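Structure record follows, encoded as structure tokens.
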Amino acid sequence: MTATDEEQAGPPATLSQPTPAAATDFLETALARDSLITLFGRCTVEYDGRAASYLGPGDRHVMLKPDGSLLVHTGEGQKPVNWQPPGCTHEPRLCEGSLQIRSVRSNPAEELLVTFESVVQVAAFDPTDESTLAVEGTEADLKRRILDDPSLVEPGFQPLATERETPAGAVDIFGRDAAGRIVVVELKRRRVGPDAVGQLGRYVEALRRELHADATVRGILVAPSVTDRARDLLAENGLEFVALDPTA
């Protein structure tokens, strides 16, 4: 077992190739400090709760977060193969000479056992992160832009409702044009193809059936751009397109 100089000075701390006993002691200290802990090594994973599962021996990355969640990652994919949600309690222990982490959730009753055949490395960190994720460029941003300035669709456009229900689904923006005709606006945050045109067409047809027979219903697709095939379909079906980005 070797320890970095950082271990002597305080967090973050790291142990390479620790013995099971040393890894257990390390985890007990780090958990008591509410640290973020990562381990890499060969382990098995057993779950018992709403179902039951067993993951045989393999090299895996295990993360224990201060909020009580536990994630087990393999070398593939973005999602963990096993996990426990926030609020769980973790107990490291020696079990027949191996490091075992027992993670327990009370409601519903769930237990996850990670048993390490060997640990390559274990590390503990005390993270400080006061920022939150800011997502931009969503369909909600696009809708907000139009509601704030309806002329972005066309001069004289007047939004009357959002998420207006039709037999074909909810319309993003329902309104009228300068001539008093019904307008259905379908919003997309990125370049779109024929599927979006088909969706808009279904809304328009549903409203034509719902309203009186001579009602004129226009359909406008609003997106940053469309494919050539989508542009052709819009023209073939009497639908329109307005190029607009979600962000100004």
Side-chain angles (χ1 to χ4, degrees), residues 50-51 65 67 69 71 73 76-81 83-87 107-108 129-248:
R50 289 170 291 180
K65 296 185 178 181
D67 64 1
S69 57
L71 310 173
H73 282 275
E76 298 179 346
Q78 62 182 19
K79 294 182 179 179
V81 290
W83 68 90
Q84 288 279 73
N107 187 20
D129 188 349
E130 298 172 347
S131 301
T132 57
L133 180 64
V135 179
E136 296 181 342
T138 65
E139 288 185 8
D141 293 325
L142 188 56
K143 180 184 296 181
R144 191 176 304 110
R145 285 197 69 192
I146 293 174
L147 295 178
D148 290 343
D149 184 3
S151 67
L152 291 172
V153 175
E154 63 180 24
F157 173 63
Q158 180 184 5
L160 300 176
T162 61
E163 302 303 321
R164 199 267 197 194
E165 288 294 337
T166 76
V171 171
D172 286 330
I173 300 178
F174 176 86
R176 290 187 183 276
D177 64 14
R181 295 171 296 189
I182 296 296
V183 178
V184 173
V185 178
E186 175 63 19
L187 306 174
K188 297 297 181 188
R189 60 181 292 271
R190 60 179 62 179
R191 180 178 174 83
V192 294
D195 288 350
V197 180
Q199 183 180 8
L200 176 60
R202 290 191 291 275
Y203 293 150
V204 170
E205 289 304 316
L207 280 169
R208 284 173 178 162
R209 290 193 297 270
E210 177 184 327
L211 302 174
H212 54 83
D214 58 349
T216 298
V217 181
R218 296 172 57 200
I220 301 178
L221 178 63
V222 178
S225 63
V226 295
T227 64
D228 290 342
R229 178 57 180 155
R231 191 179 296 277
D232 291 343
L233 285 174
L234 285 165
E236 291 172 10
N237 291 278
L239 304 173
E240 303 163 58
F241 170 66
V242 171
L244 189 66
D245 288 315
T247 55

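All values reported here derive from a predicted model rather than from experimental measurement. Numbers for residues simply follow the sequence, beginning at 1. Quick note: numbers below take in every heavy atom, side chains included, and nothing from hydrogens, waters or symmetry partners.
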* So, the side chain of N237 versus the backbone of L239: is there a donor-acceptor pair under 3.5 Å, distance only? -> no

* Minimal non-hydrogen separation, A206 against P167, with atom names -> CB-CD, 4.0 Å

* **Between CG on residue L200 and CD on residue E205, distance to nearest 0.5 Å** => 10.0 Å

* To do: Let me see the working for L152 and V222 under side-chain contact (heavy atoms from CB on, under 4.5 Å), right down to the final yes or no.
  => CA-CA 10 Å; L152 291 172; V222 178; over 6 Å; no

* **V217 backbone acceptor or donor facing R208 side chain under 3.5 Å** => yes

* To do: Please determine, by modelled atom types, if D245 and T247 share a side-chain donor-acceptor pair under 3.5 angstrom.
  => no

* Asked: Judged by atom type as modelled, is there a donor-acceptor pair below 3.5 Å linking the side chain of T166 to the main-chain atoms of G169?
  -> yes

* **Evaluation steps, side-chain contact (heavy atoms from CB on, under 4.5 Å), between V185 and D172** => CA-CA 6 Å; V185 178; D172 286 330; 5.7 Å; no

* Any Lys/Arg nitrogen of D232 or R229 sitting under 4.0 Å from an Asp/Glu carboxylate oxygen of the other? -> no

* To do: Determine whether V226 and R231 make a side-chain contact, defined as any pair of heavy atoms from C-beta on separated by less than 4.5 Å.
  => yes

* Asked: Can a salt bridge be assigned to the pair E210 and R164 using a cut-off of 4.0 Å between side-chain N and carboxylate O?
  -> yes

* Between R176 and R181, is any pair of side-chain heavy atoms under 4.5 Å apart? -> no

* Would the number of heavy atoms belonging to other residues, nucleotides or ligands and lying under 6.0 Å from CG of D228 be above 12? -> no

* To do: Taking atom CZ of R191 as the centre, report whether more than 12 heavy atoms of other residues, nucleotides or ligands fall under 6.0 Å from it.
  => yes

* **I173 side chain reached by V153 side chain, heavy atoms, under 4.5 Å** => no

* Asked: Rounded to the nearest 0.5 Å, how far apart are CG of L142 and CG of L187?
  -> 4.5 Å

* To do: Walk me through it: do I220 and F157 pass the test side-chain contact (heavy atoms from CB on, under 4.5 Å)?
  => CA-CA 11 Å; I220 301 178; F157 173 63; 5.9 Å; no

* Check step by step if side-chain contact (heavy atoms from CB on, under 4.5 Å) holds for V242 and E154. => CA-CA 9 Å; V242 171; E154 63 180 24; over 6 Å; no

* Basic-acidic side-chain contact under 4.0 Å: R202, E186 -> no

* **Rounded distance (nearest 0.5 Å) linking atom OG1 of T162 with atom CD1 of I146** => 11.5 Å

* Is there a side-chain contact between T227 and P194, using heavy atoms and a 4.5 Å cut-off? -> yes

* Structure fact -> Shortest non-hydrogen pair, D149 vs S151, comes out as OD1-OG, 2.5 Å

* Pairwise distance CZ(F241) to CG(L221) - rounded to 0.5 angstrom -> 6.5 Å

* Under 3.5 Å, side chain of R218 to main-chain N/O of V183, donor-acceptor pair present? -> no

* Over 12 non-hydrogen atoms of neighbours within 6.0 angstrom of CD in E76 -> no

